[in-house]
Amino acid sequence: MKWSRVLIRTMKENPKEAETKSHRLLLRGGFITQHQSGVYTFLPPGWKIMQKIQNIIRSEMNSIGAQELLMPSLTSGEVWKQSGRWETFGNDMFKFKDRKGKDVALAPTHEEVISLLARDYLHSYRDLPQIWYQLQTKFRDEPRPRGGILRVREFIMKDSYSFDRDWDSLDKSYQLHKDAYSRIFERCGLEFKIVEASSGIMGGGHSEEFMVFTKTGEDSVVICEKCGYAANAEVAEANIIENGSKENFSEKKIVHTPNARSVEDVAHFLDVEPSHIVKSLLYVSEKGQTAMVLIRGDYEINEAKLLSKLGTDFQLASPDFIKERFGIEPGFIGPDGLAADKIIADESVRQVERFVAGSNKDDYHIVGLKLSDIRIDEFADLRLVREGDLCSRCNAPLKILNAIEVGHIFKLGTKYSDSLDVKYADYDGTLKPIIMGSYGIGVGRIMAAAIELFNDEKGIIWPFAIAPYEVNLIEINPAKTSNFSDNVYELMTKSGFDTIWDERNISAGIKFKDAELIGIPINIIISENKAARGEAEIQIRKDASKYDIKVENLVQAINTIIEEKRL
RNA sequence: CGGGGCGUAGCGCAGCUUGGUAGCGCGCCUGGUUCGGGACCAGGAAGUCGGAGGUUCAAGUCCUCUCGCCCCGACCA
């Protein structure tokens, strides 16, 4: 393609709405343009990248025997009601009524639709296992789209689903995906890590995420550099750090603590360590069930962990609710005799012998309370892991890093087979639920993650495999070298390189700047002098290295460079 | 949903305090000179000032309402 014929519209200045690197560079490079909040058009160069990524995904999915299909985005509300996710997705799902008044939804994911397909087409153990996948637009009405293409309301996802006879067979399908995903992200040039994850609203059992570590990632990942433990902060575990000093409360007594509400206030007022205080939080469900949550004063609650215990319809009670229900200011509630429906405590609470807690009377706390004095219905790991907490496997200090989630794999089990009645007949003729897995990849996120990972002050440095063009012919003076350039262009194209030819009649500086901004890995500079000697200059975007090469040796030289520099 | 910011030409912005013919840079078009790092000269086109209502002789500017976009938080495979 000649540059002047391609819709490449670069911008010298930063659009003001863009904060993150990938967002800025995608806009400046003319790869995307915004249509509304969280909804983008992929312009031709951007869509080329998306297609290259999708082709890599296809080839790796096909290699594990997965079959591509395409399901509808416009789905009937009925199937979501059957699985129960009409409610659990809530406003995150785009829902509306058709002209007949029937509920419909734009699919945010496709477990329901594919489960119904499986129910119609898979009847016998002979039909299993199966892996089906699609590359399809998903719709999610995110409360706050952000980071350009990182969190959007309409996006292309590769989603696949496995159907197996039993759990061992699911393990195999899961492992096939895990390996295929690793190859996909490697081929796209990404650096990534597989981490333990929360399965959240997808339901089911074990799940892992493929994370790309970048400053702008919106997920937090806890990692141990010593033993390699890595987990999403939502599920990460850590050892409880002993609270060094010994409590010196000899007996239980009520003390006046006017206006001391927070752990910090109370610790300061009574001159005790925060780890000698037990923090009491009240959660309330939509139905009005109350749960008191206890945790050692120097820790914070991890709400993802807590809600997986309590149920997602619980939320932190408002001060007004607490006043109304119990007649106490939130700062003074405590486990001693409060009529909460349930009392759940973090494991760290076991660790204190005598402690300070709210007294359930305004402006008073209890000191010297013992565990045996109070009712605790359940102990659980509810702690939010902090940087520097100790690894639960090897006791080394943990780190917390931001990351972009580019893939997520789940062992669903029978959640959808049960709710949607997806069964097969086994050897002995008995009907059993099909065991399912579900596996997603965010195509646009791969594109954004690659930019976050590989850029400099001049622009993007695309990995060769997903670059919008592999080779760019920069003609310094088109009027004088067009025949020569034509030959080089032919040569590159015939040799299989995805080549663009910048024959624009503008100053060379602009061509260099554009090439650097949009990140083409290999540039071939054609100048009058060198052309006269039968040479062209190769410039590599990644390290700015330059080589003068005879045209007849060009292809070989480029192949060698790609190999050696691992473009 | 809470907090903050912003809507003026394709992009980046000034003009608003103190109402009086809508501007600048980049980009775009025409002609010319240039031609290895966003070059120069001359000429030109392009804006319902996000929208509605109001105040006023007069509104980009003041008032009311409203829509949209971005950031932080809440929330979220």
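To find a chain, count down the sequence lines: A is the first, B the second, and so on, and within it residues start at 1. Excluded from the calculations below are hydrogen atoms, water molecules and symmetry mates; all remaining heavy atoms, backbone and side chain alike, are included.
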Applying ring-ring contact (aromatic ring centres under 6.0 Å, His included) as the test, list every pair that has at least one member in residues 133-153 of chain A; sequence neighbours left out. none
Taking the P atom in each of rA59(B) and rU21(B), what is the distance between them to the nearest angstrom? 12 Å
Does any non-hydrogen side-chain atom of Ile538(A) lie less than 4.5 Å from one of Leu554(A)? yes
Under 6.0 Å from the six-membered ring centre of Tyr469(A) and within 45° of its axis: does the NZ or CZ of Lys48(A) meet both? yes
Might you list the N or O atoms of the protein lying below 3.5 Å from N or O atoms in nucleotides 40-51 of chain B, with each pair's distance?
none

Salt-bridged, Arg445(A) to Glu218(A), with N to O below 4.0 Å? yes
Starting at the 5' end of nucleotides 67-72 of chain B, put B wherever the base has a protein heavy atom under 4.0 Å, S where only the sugar-phosphate does, and a dash everywhere else. --SSSB
Between C1' of rC28(B) and CZ of Arg9(A), the distance in whole Å: 10 Å
Between Glu452(A) and Ser22(A), is there a side-chain donor-acceptor contact under 3.5 Å, judged purely by atom types and distance? yes
Salt bridge (Lys or Arg N to Asp or Glu O under 4.0 Å), that's the test. Do Arg541(A) and Asp456(A) meet it? Break it down for me. CA-CA 10 Å; Arg541(A) 175 68 177 95; Asp456(A) 60 17; 2.8 Å; yes
Just call it for Arg28(A): base, sugar-phosphate, or nothing, with non-hydrogen atoms closer than 4.0 Å on any strand. base
For Glu111(A) and Leu412(A) the tightest heavy-atom approach is CG-CD1, 3.8 Å
Rounded to whole Å, please give me the gap between CD1 in Ile506(A) and P in rU33(B). 18 Å
Rounding to the closest angstrom, what is the interatomic distance between rU17(B) and rC62(B) at atom P? 5 Å
Classify the nucleic acid contact of Glu218(A) as base, sugar-phosphate or nothing, counting any heavy atom under 4.0 Å across all strands shown. nothing
Between rG10(B) (P) and Leu27(A) (CG): distance, integer Å: 16 Å
What is the distance from CD of Gln539(A) to P of rG37(B), rounded to the nearest Å? 11 Å
Single hit among Phe410(A), Trp167(A), Tyr174(A) for ring-ring contact (aromatic ring centres under 6.0 Å, His included) with His206(A): Tyr174(A)
Using a heavy-atom cut-off of under 4.0 Å over every strand shown, decide if Lys458(A) touches base, sugar-phosphate, or nothing. nothing
Which nucleotide in rC26(B), rA39(B), rG37(B) has an atom nearest any side-chain atom of Lys12(A): rC26(B)
Suppose you measure atom C1' in rG20(B) against the same atom in rG60(B); what distance do you get, rounded to whole Å? 13 Å
Leu316(A) has an atom CG; how far is it from atom P of rA74(B), in whole Å? 13 Å
What is the distance, to the nearest angstrom, from the NZ atom on Lys513(A) to the P atom on rA39(B)? 10 Å
Check the distance between rG36(B)'s P and Tyr547(A)'s OH and give it to me in whole angstrom. 23 Å
Looking at every non-hydrogen atom in both residues, tell me the closest pair between Ala231(A) and Val235(A) and how far apart they are. CB-CG2, 4.2 Å
Describe the nucleic acid contact of Pro15(A) in one word from base, sugar-phosphate, nothing, applying a heavy-atom distance below 4.0 Å. sugar-phosphate
What is the nucleic acid contact for Phe155(A), judged by heavy atoms within less than 4.0 Å: base, sugar-phosphate only, or nothing? base
Check if the side chain of Ser507(A) and the base of rG38(B) share a donor-acceptor pair of N or O atoms closer than 3.5 Å. no
Regarding Glu516(A), tell me which of base, sugar-phosphate or nothing describes its non-hydrogen contacts under 4.0 Å with the strands shown. base
When rounded to the nearest Å, what value does the distance between P atoms of rA14(B) and rA39(B) take? 25 Å
Heavy atoms from C-beta onward define the side chain here; which of rC35(B), rG36(B), rA74(B) lies closest to that of Asn505(A)? rC35(B)
Consider side chain to side chain contact (heavy atoms under 4.5 Å, CB included). Of Gln67(A), Glu68(A), His110(A), Met61(A), which one does Trp132(A) pass it with? Gln67(A)
Give Asn14(A) one of three labels, base, sugar-phosphate or nothing, depending on what nucleic acid heavy atoms sit under 4.0 Å from its own. sugar-phosphate
Rounding to the closest angstrom, what is the interatomic distance between rC71(B) and rG54(B) at atom P? 36 Å
Does one side chain, of Ser162(A) or His177(A), offer a donor that lies under 3.5 Å from an acceptor on the other? no
Nearest-Å distance once atom C1' is located in both rU56(B) and rG19(B): 9 Å
Determine the Euclidean distance between corresponding P atoms of rA52(B) and rC67(B); express it in Å to zero decimal places. 15 Å
Take atom CZ of Phe89(A) and atom C1' of rC75(B), then tell me their distance rounded to the nearest Å. 14 Å
Which part of the nucleic acid, if any, lies within reach of Ile525(A) when heavy atoms closer than 4.0 Å are counted: base, sugar-phosphate only, or nothing? base
Establish whether the base of rG27(B) is bridged to the side chain of Glu13(A) by a donor-acceptor pair shorter than 3.5 Å. no
For rA22(B) and rC28(B), measure between their P atoms and round to the nearest Å. 27 Å
